[in-house]
Amino acid sequence: FHLDYHPAIVFGQGNKLTAQGPYLDLLHAFRSALEMTKVLTVIGYSFRDSHVNEYLTQWLNSNRMRSIRIINGPSFAESPADYVRVLQQHLGPERVNLIPKYAKEGLEALWEELP
């Protein structure tokens, strides 16, 4: 059985940075949106994509007022990805806030903090 179509979005392993497919356009749109953001909330991301992590690094390093909040569940907070651990060491808890809750509870907690 053979389907004659190309996927609209590329996820997972492999070389996503090719001229075909939407990944480069999505990555560029992500970078542009980051530039308009002071606080980034990340939910459920593993921090294993070096291209995305590079943009996050550049974004955080370009302005000391920028910070990142990470909602990834209790087990992630206990043992964060290496990239996040390095961010925590270099930027501190004021700029890298791990929220040890699952998405629903983490978003509810952030909602309660709003003025």
Side-chain angles (χ1 to χ4, degrees):
F1 187 75
H2 175 70
L3 296 176
D4 189 27
Y5 70 92
H6 299 282
I9 299 178
V10 179
F11 292 101
Q13 300 176 356
N15 184 7
K16 297 176 273 191
L17 296 180
T18 64
Q20 296 82 26
Y23 191 78
L24 287 175
D25 291 337
L26 290 170
L27 195 59
H28 179 73
F30 173 66
R31 185 178 197 178
S32 296
L34 273 177
E35 289 305 315
M36 299 181 291
T37 304
K38 181 181 173 190
V39 178
L40 177 67
T41 302
V42 176
I43 303 169
Y45 172 52
S46 68
F47 295 91
R48 286 186 261 178
D49 186 316
S50 61
H51 305 97
V52 171
N53 292 350
E54 178 60 28
Y55 283 172
L56 292 174
T57 300
Q58 291 174 10
W59 174 76
L60 284 163
N61 285 337
S62 67
N63 185 329
R64 290 181 170 263
M65 299 304 293
R66 291 177 173 164
S67 63
I68 185 169
R69 297 182 293 206
I70 302 166
I71 301 171
N72 243 352
S75 61
F76 184 85
E78 293 167 9
S79 180
D82 290 341
Y83 176 79
V84 174
R85 193 173 298 110
V86 169
L87 286 181
Q88 288 177 303
Q89 290 171 352
H90 291 284
L91 301 178
E94 314 82 38
R95 295 189 61 202
V96 181
N97 180 11
L98 277 181
I99 300 168
K101 299 176 185 276
Y102 294 110
K104 180 180 182 292
E105 293 81 16
L107 289 171
E108 287 173 348
L110 291 178
W111 185 259
E112 291 171 3
E113 291 178 11
L114 293 176

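From a predicted model like this one, the values you see are computed outputs, not experimental measurements.
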Intermediate values then yes/no, side-chain contact (heavy atoms from CB on, under 4.5 Å), Leu110 and Ile71
CA-CA 10 Å; Leu110 291 178; Ile71 301 171; 3.7 Å; yes
Heavy-atom closest pair (Ser46 atom, Ala81 atom, distance to 0.1 Å) is O-CB, 3.6 Å
Under a 4.5 Å side-chain heavy-atom rule over Ile, Leu, Val, Met, Phe, Trp and Tyr, are Val84 and Leu40 clustered together?
yes
Rounded to the nearest 0.5 Å, what separation is found between the CG atom of Asn53 and the OH atom of Tyr45?
4.0 Å
Can we say Arg31 and Glu54 salt-bridge, meaning some charged N sits less than 4.0 Å from an Asp/Glu carboxylate O?
no
Out of curiosity, Leu87 CG to Arg85 CZ, how far, rounded to the nearest 0.5 Å?
11.5 Å
Does the distance from a Lys or Arg side-chain N to an Asp or Glu carboxylate O, for Lys104 and Glu108, drop under 4.0 Å?
yes
Short question: side chain of Arg95, backbone of Leu60 - any donor-acceptor pair under 3.5 Å?
yes
Atom NZ in Lys101, atom CG in Leu107: separation rounded to 0.5 Å?
11.5 Å
Distance in Å, Leu98 CG paired with Asn72 CG, rounded so as to fall on 0.5 Å steps:
8.0 Å
Interatomic distance, CD1@Ile70 vs CZ@Phe47, rounded to 0.5 Å, equals 3.5 Å
Within 6.0 angstrom of Arg48 CZ, more than 12 heavy atoms from elsewhere:
no
I need the minimum non-hydrogen distance between Thr57 and Tyr83, along with the two atoms involved.
OG1-OH, 2.7 Å
Mind checking whether Leu91 and Ile68 have side chains closer than 4.5 Å, heavy atoms only?
no
Inter-residue atom distance Leu34.CG - Arg66.CZ, 0.5 Å rounding:
7.5 Å
Where Ala103 and Ile43 come nearest, the two heavy atoms and their spacing:
CB-CG2, 3.7 Å
Closest contact, heavy atoms only, Ser67 versus Trp59
O-CH2, 3.2 Å
Check the hydrophobic clustering (I, L, V, M, F, W, Y; side-chain heavy atoms under 4.5 Å; chains of links allowed) and say if Val96 and Val42 are grouped together.
yes
